[in-house]
Amino acid sequence: MLKVGLTGSIAVGKSFVLGVLAELGCRVLDADATAREVVEPGSAGLSAVVEAFGSGVLTTAGSLDRAKLGALVFTDEQKRLRLNSILHPFIISAQDQQLREWETEDPDGIAIVDAALMIESGGYRRFDKLIVIHCRPEVQLQRLMARDGFSREEAQKRIAAQMSQEEKQKYADFLIDTSDGFEEARLQTERVYAELKRMMLT
C-alpha cells in the first residue's frame, strides 16, 4: 500500500483536497478526527492532558473542552509544544493501527493521512510521499476569518503560531495550490492522484 501524508497550514483547503482524494478511491484518515478520538472520556490521552493542564480543560460532563484548551495553548508556545508532545504518540499509534488494517484489506491501495503538524512533529517521515496544500496568504487569512469568525488580528496570530507555508512547501513531493477556488484545486488533486496511481504500477 502506498502511504501518503497530506499537510498544510490552517485554512488552506486540506479538508477539501482530502475529500476529493476519497472520492477518487483513496483510503483517507483525518488526523483531527483521530485527535478527537484519543481524548475521548476515559481515554489515556485525556488523562494525560488533564494531568498536564489541570481539570479546568474539562467540561462539566467530563469531556475535553477544546475551546478552553485551544485558548490556553495558542497564546503560549511552551504549552502548545507540551500538548503536541503528549498527544502525538497517541495519534500516531492510532493512525498506524488503522493503516495496518487498510494494508491487509487493500494492499494495492493508496492511503492518505491528513495532519496539520505532520512536518513539525517529524511524522511525515513515516510516509512514502508528502502532499502539501497551500494558498496565497491573503486568501488563507480571509478563509480563516470567515470559517472561524476570528478578527483579522486573531486570525493572523493563529497563522503566525504555525510553520510558514513557504517552509512547509520545501518538504513536498507534490504541491496543490487552492488559491483560485475549488474547481482548479480539484483538477490539481486529480493530477496528483493520477501520478500516485502511476507510481503504484512501476
Side-chain angles (χ1 to χ4, degrees), residues 4-24 26 28-36 66-85 87-88 91 95 112-196:
V4 181
L6 184 148
T7 194
S9 299
I10 193 170
V12 296
K14 294 187 298 295
S15 296
F16 173 77
V17 172
L18 194 69
V20 174
L21 289 165
E23 285 172 27
L24 292 168
C26 297
V28 302
L29 189 57
D30 179 350
D32 282 346
T34 311
R36 284 190 289 274
R66 294 172 72 84
K68 270 189 196 166
L69 183 62
L72 193 68
V73 302
F74 263 108
T75 54
D76 186 325
E77 187 177 3
Q78 287 308 114
K79 284 181 180 170
R80 190 170 69 252
L81 292 171
R82 189 174 179 198
L83 177 64
N84 289 340
S85 72
L87 290 183
H88 274 127
I91 292 168
Q95 285 174 351
I112 312 278
V113 176
D114 162 29
L117 298 176
M118 187 175 286
I119 294 169
E120 293 89 329
S121 69
Y124 73 96
R125 296 189 191 96
R126 297 155 52 226
F127 298 97
D128 303 310
K129 294 292 172 186
L130 182 66
I131 302 169
V132 173
I133 316 302
H134 65 102
C135 66
R136 291 189 296 273
E138 186 57 34
V139 173
Q140 179 190 24
L141 190 62
Q142 293 300 330
R143 283 180 184 165
L144 184 55
M145 289 163 64
R147 188 189 78 185
D148 292 359
F150 290 147
S151 66
R152 190 177 187 87
E153 184 185 8
E154 180 62 24
Q156 285 170 330
K157 268 190 207 166
R158 295 284 173 129
I159 291 167
Q162 296 190 334
M163 180 187 285
S164 73
Q165 291 201 67
E166 293 76 14
E167 188 63 25
K168 289 192 177 194
Q169 288 174 43
K170 293 175 187 173
Y171 292 82
D173 296 295
F174 301 99
L175 289 167
I176 295 175
D177 184 350
T178 66
S179 302
D180 297 319
F182 291 130
E183 206 43 54
E184 172 57 28
R186 178 180 289 277
L187 291 172
Q188 290 180 50
T189 305
E190 288 171 351
R191 287 196 289 270
V192 169
Y193 174 74
E195 187 61 34
L196 293 172

Do [X] and [Y] come close enough that some side-chain heavy atom pair is under 4.5 Å?
{"X": "Met145", "Y": "Gln140", "value": "no"}
{"X": "Lys14", "Y": "Leu18", "value": "no"}
{"X": "Lys157", "Y": "Arg152", "value": "no"}
{"X": "Arg66", "Y": "Arg36", "value": "yes"}
{"X": "Leu144", "Y": "Ile10", "value": "yes"}
{"X": "Val132", "Y": "Phe174", "value": "no"}
{"X": "Glu190", "Y": "Leu24", "value": "yes"}
{"X": "Val4", "Y": "Ile131", "value": "yes"}

With rounding to the nearest 0.5 angstrom, report the [atom1] to [atom2] distance, [X] to [Y].
{"X": "Tyr193", "Y": "Ile176", "atom1": "OH", "atom2": "CD1", "answer": "13.5 Å"}
{"X": "Leu175", "Y": "Gln169", "atom1": "CG", "atom2": "CD", "answer": "5.5 Å"}
{"X": "Asn84", "Y": "Glu77", "atom1": "CG", "atom2": "CD", "answer": "10.0 Å"}
{"X": "Asp114", "Y": "Ile133", "atom1": "CG", "atom2": "CD1", "answer": "8.0 Å"}

Okay, side chain of [X], backbone of [Y]: is any donor-acceptor separation there less than 3.5 Å?
{"X": "Thr34", "Y": "Gln95", "result": "no"}
{"X": "Asp148", "Y": "Phe150", "result": "no"}
{"X": "Arg80", "Y": "Gly70", "result": "no"}
{"X": "Lys168", "Y": "Ile119", "result": "no"}
{"X": "Thr189", "Y": "Val17", "result": "no"}
{"X": "Thr178", "Y": "Gly13", "result": "no"}
{"X": "Gln165", "Y": "Cys135", "result": "yes"}

Exercise. Parallel, tilted or perpendicular: which fits the ring planes of Tyr171 and Tyr124, with parallel below 30° and perpendicular above 60°?
Worked result: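 Answer is perpendicular, since the angle exceeds 60°.
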
Exercise. For Arg191 and Glu195, what are the C-alpha separation, side-chain angles and deciding distance, and is it a salt bridge (charged side-chain N to carboxylate O under 4.0 Å, His left out)?
Worked result: CA-CA 6 Å; Arg191 287 196 289 270; Glu195 187 61 34; over 6 Å; no

Problem set entry | Verdict with reasoning, Leu81 to Gln78, per side chain to side chain contact (heavy atoms under 4.5 Å, CB included) | CA-CA 5 Å; Leu81 292 171; Gln78 287 308 114; 4.0 Å; yes

Least distance between heavy atoms, [X] atom then [Y] atom:
{"X": "Lys170", "Y": "Glu167", "result": "NZ-OE1, 2.9 Å"}
{"X": "Ala185", "Y": "Phe16", "result": "CB-CE2, 3.9 Å"}
{"X": "Leu141", "Y": "Ala155", "result": "CD1-CB, 3.6 Å"}
{"X": "Ser9", "Y": "Ser164", "result": "OG-C, 4.4 Å"}
{"X": "Ile112", "Y": "Cys26", "result": "CG1-CB, 3.7 Å"}

Exercise. Could you walk me through whether Gln142 and Arg136 pass the side chain to side chain contact (heavy atoms under 4.5 Å, CB included) check?
Worked result: CA-CA 10 Å; Gln142 293 300 330; Arg136 291 189 296 273; over 6 Å; no

For this session: Assess whether side chain to side chain contact (heavy atoms under 4.5 Å, CB included) is satisfied between Leu72 and Lys68, documenting all intermediate values.
Result: CA-CA 6 Å; Leu72 193 68; Lys68 270 189 196 166; over 6 Å; no

For this session: Inspect the contact between Arg186 and Glu23 and indicate whether a charged nitrogen and a carboxylate oxygen are less than 4.0 angstrom apart.
Result: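 So Glu23 pairs with Arg186 through a salt bridge.
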
Exercise. Does CD in Glu138 sit with more than 12 non-hydrogen atoms of other residues, nucleotides or ligands closer than 6.0 Å?
Worked result: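 Enclosed: over 12 neighbouring heavy atoms sit under 6.0 Å from CD of Glu138.
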
Exercise. Can you tell which of Leu6, Leu29, Ile91 makes a side-chain contact (heavy atoms from CB on, under 4.5 Å) with Val113?
Worked result: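 Of the listed residues Leu6, Leu29, Ile91, the side-chain contact (heavy atoms from CB on, under 4.5 Å) partner of Val113 is Leu29.
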
